[in-house]
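Since the structure comes first, as structure tokens, the remarks are kept for the end.
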Amino acid sequence: MAFMRFQAPRGTRDVLPQEAHRWVHLEKTFRDICHLYGYSEIRTPTFEDTELFVRGVGEGTDIVSKEMYTFKDRAGRSLTLKPEGTAPVIRAYLEHSLGTPNQITRLFYITPIFRYERPQKGRLRESHQTGVELIGSGTPDADAEVIELTVRFYQTLGIRNISIKLNSLGEEECRKSYREALLEYARPHLRDFPEEFRARCEKNPLRLLDSKDPEVQKIVADAPPITRYYEKETIEHFESLQKLLNSLGITYEIDPKLVRGLDYYTKTVFEVQSEFLGAQNALCGGGRYDNLIEEYGGQPTPAVGVAMGIERALMVMETLEIEKKVERLLDVFAVCLTENRIEFAKFVKFLRDSGISVVTDLEFRSAKSQFRQADKSGANYAVILGDEELEKGVVKVKDMRSGEEVTLPSGEVLRVLRHHPA
């Protein structure tokens, strides 16, 4: 009987042991940066009510109309694997009353997201994001904090060759006027496009600016800029943000056509890009979403956030040959050269009780085989226990990096094992 050989589903990948340390390093760096700014971690479910994303992300977006993994459970409820991280965080913020009026709430997350799109390098159907949400402040200082945190994160990882694109989508009246002007400009150019695409553009013309289609990009190249429609408040907010970024030494470029791919954005939007990602060069993106909490039934509450792709950051780190030097995760490989398994097991337990990580050969193969395993294990030390050592109450300890071997009284072994080589 032939057995099927299973593979990971298309658009997903396994993170293997030899590369997992890179993920751990990135996630630890992100948590440390968030702690530096006073953000607390939140974890939301893998799936949510479908309507959460339809109302928040926008029915006319590619994410909702084409890319969501949506299914019905046995009770007939429509559920969706989360395609982005902000909407679930805001749902949890409201459901659990995490914020009160005039209070700023800072949250961060690390999560998988799911989008049914054509798999390509750095874009998978299951990918992973880190993100922060700053809820309760409408000031440009809040925007600057999120952007500064983002830049600090990449710089701490060693990714310094980044460019920041910045724009403002203005207040509601500004966006309304601009949508009308953009649609009026684009309609004559869209006659030969599919009806479905034209209908989506009619519903939200800003999607034209976010399209990666080369033909659409040619059309919008000469489109009127949104800056013509800014109100006084938008201008003041945007200029204040630029002054703050300048004072923080953060270099950026104004891009009037940057809109991001989600309908909930208002005012500030930004994107961090890397030349090492090719045409799809966005490392991350974010912005202000002052109406989303009210859209979900809460009180009007300003908020700003960012979502950062983990796989894409790791790709740039690999290209730049930024490799985290990882300490050996295993302290000891214990080599058993005695038939007294009971005493050997008690000694290994003693080490583990003392906080020393230990691996042994459970098949108790030859000394040569065990030392070969110790070499491959990545352990800092090999500890050798044989009949002679048991009789004398000593232990042999071999430094696996220098090759130096010493014999120590059993009571002194912990002092050496806790001194990990640099």
Practice prompt. Tell me, with the steps shown, if Glu133 and Arg106 meet side chain to side chain contact (heavy atoms under 4.5 Å, CB included).
Written response: CA-CA 6 Å; Glu133 314 294 350; Arg106 292 175 170 89; over 6 Å; no
Discussion item. How close do Ile159 and Ala313 get, counting heavy atoms only, and between which atoms?
Written reply: CD1-O, 3.7 Å
Item to complete: With side-chain hydrogen bond (donor to acceptor under 3.5 Å, both in side chains) as the test, would you mind laying out the steps for Asp361 and Gln370 before giving the verdict?
Response: CA-CA 7 Å; Asp361 176 12; Gln370 290 186 62; 4.9 Å; no
Practice prompt. Kindly indicate, with the supporting measurements, whether the criterion side chain to side chain contact (heavy atoms under 4.5 Å, CB included) is fulfilled by Leu79 and Lys72.
Written response: CA-CA 6 Å; Leu79 302 172; Lys72 288 191 175 181; over 6 Å; no
Worksheet, complete the sentence: For Tyr109, the ring pair (Phe, Tyr, Trp, His ring centres under 6.0 Å) test, sequence neighbours excluded, returns none
Worksheet item: Can you list every salt bridge (charged side-chain N to carboxylate O under 4.0 Å, His left out) pair that touches residues 244-255, not counting sequence neighbours?
Response: Lys165-Glu253
Worksheet item: Is there side-chain contact between Asp331 and Leu417, with at least one heavy-atom pair below 4.5 Å?
Response: no
Practice prompt. Classify the side-chain pair Tyr229/Arg175 by whether it contains a donor and acceptor separated by less than 3.5 Å.
Written response: no
Item to complete: Assert yes or no for the condition that the ring centre distance of His189 to Tyr185 is strictly below 6.0 Å.
Response: yes
Discussion item. Can you confirm whether Tyr116 sits close enough to Leu81 that some side-chain heavy atom of one is under 4.5 Å from a side-chain heavy atom of the other?
Written reply: no
Discussion item. Tell me whether Arg341 at atom CZ has more than 12 heavy atoms from other residues, nucleotides or ligands lying less than 6.0 Å away.
Written reply: yes
Worksheet item: Which residue pairs satisfy the salt bridge (charged side-chain N to carboxylate O under 4.0 Å, His left out) criterion with at least one member in residues 77-102, sequence neighbours excluded?
Response: Glu48-Arg91, Asp73-Arg77, Arg91-Glu95
Discussion item. I'd like to know if Arg125 pairs up with Glu117 as an ion pair, taking the criterion as any Lys NZ or Arg NE/NH1/NH2 lying under 4.0 Å from an Asp or Glu carboxylate oxygen.
Written reply: no
Item to complete: Kindly indicate whether the side chain of Ile164, heavy atoms from C-beta on, has any atom under 4.5 Å from the side chain of Thr251.
Response: no
Fill in: CZ/Arg43: more than 12 non-hydrogen atoms of other groups inside 6.0 Å
no
Worksheet item: Is the closest side-chain donor-acceptor distance between Asp143 and Thr268 under 3.5 Å?
Response: yes
Worksheet item: Do the side-chain N and O atoms of Gln273 and Glu271 include a donor-acceptor pair separated by under 3.5 angstrom?
Response: yes
Worksheet entry | Tyr289 ring center within less than 6.0 Å of Tyr264 ring center | yes
Item to complete: Using a cut-off of 6.0 Å, state whether more than 12 heavy atoms not belonging to Glu318 lie near its atom CD.
Response: no
Item to complete: Given salt bridge (Lys or Arg N to Asp or Glu O under 4.0 Å), test Glu19 with Arg13 step by step and report yes or no.
Response: CA-CA 12 Å; Glu19 59 179 326; Arg13 66 182 295 271; 3.0 Å; yes
Discussion item. Taking the side chain as everything from C-beta on, heavy atoms only, tell me whether Lys349 gets closer than 4.5 Å to Arg352.
Written reply: no
Worksheet item: Would you find more than 12 non-hydrogen atoms of other residues, nucleotides or ligands less than 6.0 Å from Asp353 atom CG?
Response: yes
Worksheet item: Do you see a donor-acceptor pair shorter than 3.5 Å between the side chains of Asn281 and Ser274?
Response: no
Discussion item. Side chains of Thr360 and Phe344, heavy atoms from C-beta outward: is any pair under 4.5 Å?
Written reply: yes
Discussion item. Before you tell me yes or no, could you show the steps for Gln103 and Thr100 under side-chain hydrogen bond (donor to acceptor under 3.5 Å, both in side chains), namely the whole-Å CA-CA distance, both residues' side-chain angles and the distance that decides it to 0.1 Å?
Written reply: CA-CA 5 Å; Gln103 173 188 316; Thr100 57; 2.7 Å; yes
Worksheet entry | Worked check of salt bridge (Lys or Arg N to Asp or Glu O under 4.0 Å) between Glu171 and Lys267 | CA-CA 6 Å; Glu171 301 286 345; Lys267 286 187 179 175; 3.1 Å; yes
Worksheet item: What pair of heavy atoms forms the shortest contact from Lys257 to Val220, and how long is it?
Response: CE-O, 2.7 Å
Fill in: Exam field: side chain Asp14 to backbone Leu16, donor-acceptor pair closer than 3.5 Å
no
Practice prompt. Give a yes or no on this: more than 12 heavy atoms of other residues, nucleotides or ligands lie within 6.0 Å of atom CD of Glu195.
Written response: no
Practice prompt. Grab the two heavy atoms, one from Ala142 and one from Arg288, that are nearest each other, plus how far apart they are.
Written response: CB-NH2, 3.6 Å
Discussion item. In the structure I gave you, are the side-chain heavy atoms of Phe333 and Ile384 within less than 4.5 Å of one another anywhere?
Written reply: no
Discussion item. Set out, in order, the CA-CA distance, both residues' side-chain angles and the distance that settles salt bridge (Lys or Arg N to Asp or Glu O under 4.0 Å) for Lys176 and Glu172, then state yes or no.
Written reply: CA-CA 6 Å; Lys176 180 181 177 183; Glu172 182 57 40; over 6 Å; no
Worksheet item: Would you say Tyr154's side chain and Val272's backbone share a donor-acceptor pair under 3.5 angstrom?
Response: no
Practice prompt. Please lay out, stage by stage, how Tyr69 and Thr80 fare under the test side chain to side chain contact (heavy atoms under 4.5 Å, CB included).
Written response: CA-CA 6 Å; Tyr69 281 87; Thr80 295; 5.5 Å; no
Item to complete: For residues Met317 and Leu157, report the shortest heavy-atom separation together with the two atoms involved.
Response: CE-O, 4.0 Å
Worksheet item: Between Glu231 and Thr234, does any side-chain donor sit less than 3.5 Å from a side-chain acceptor?
Response: yes
Worksheet item: So, for Thr150 and Cys284, which heavy atoms are closest and what is the spacing to 0.1 Å?
Response: CG2-SG, 3.6 Å
Fill in: Glu233 atom CD: more than 12 heavy-atom contacts under 6.0 Å
no
Discussion item. Within the structure provided, determine whether Val406 and Glu404 are in side-chain contact (heavy-atom separation under 4.5 Å).
Written reply: yes
Item to complete: Given side chain to side chain contact (heavy atoms under 4.5 Å, CB included), test Trp23 with Glu27 step by step and report yes or no.
Response: CA-CA 6 Å; Trp23 289 69; Glu27 291 168 8; 3.9 Å; yes
Discussion item. On a heavy-atom basis, which atom in Tyr39 and which in Leu149 lie closest, and how many Å separate them?
Written reply: CE1-CD1, 3.7 Å
Discussion item. Is the shortest side-chain heavy-atom distance between Thr130 and Ile310 below 4.5 Å?
Written reply: yes
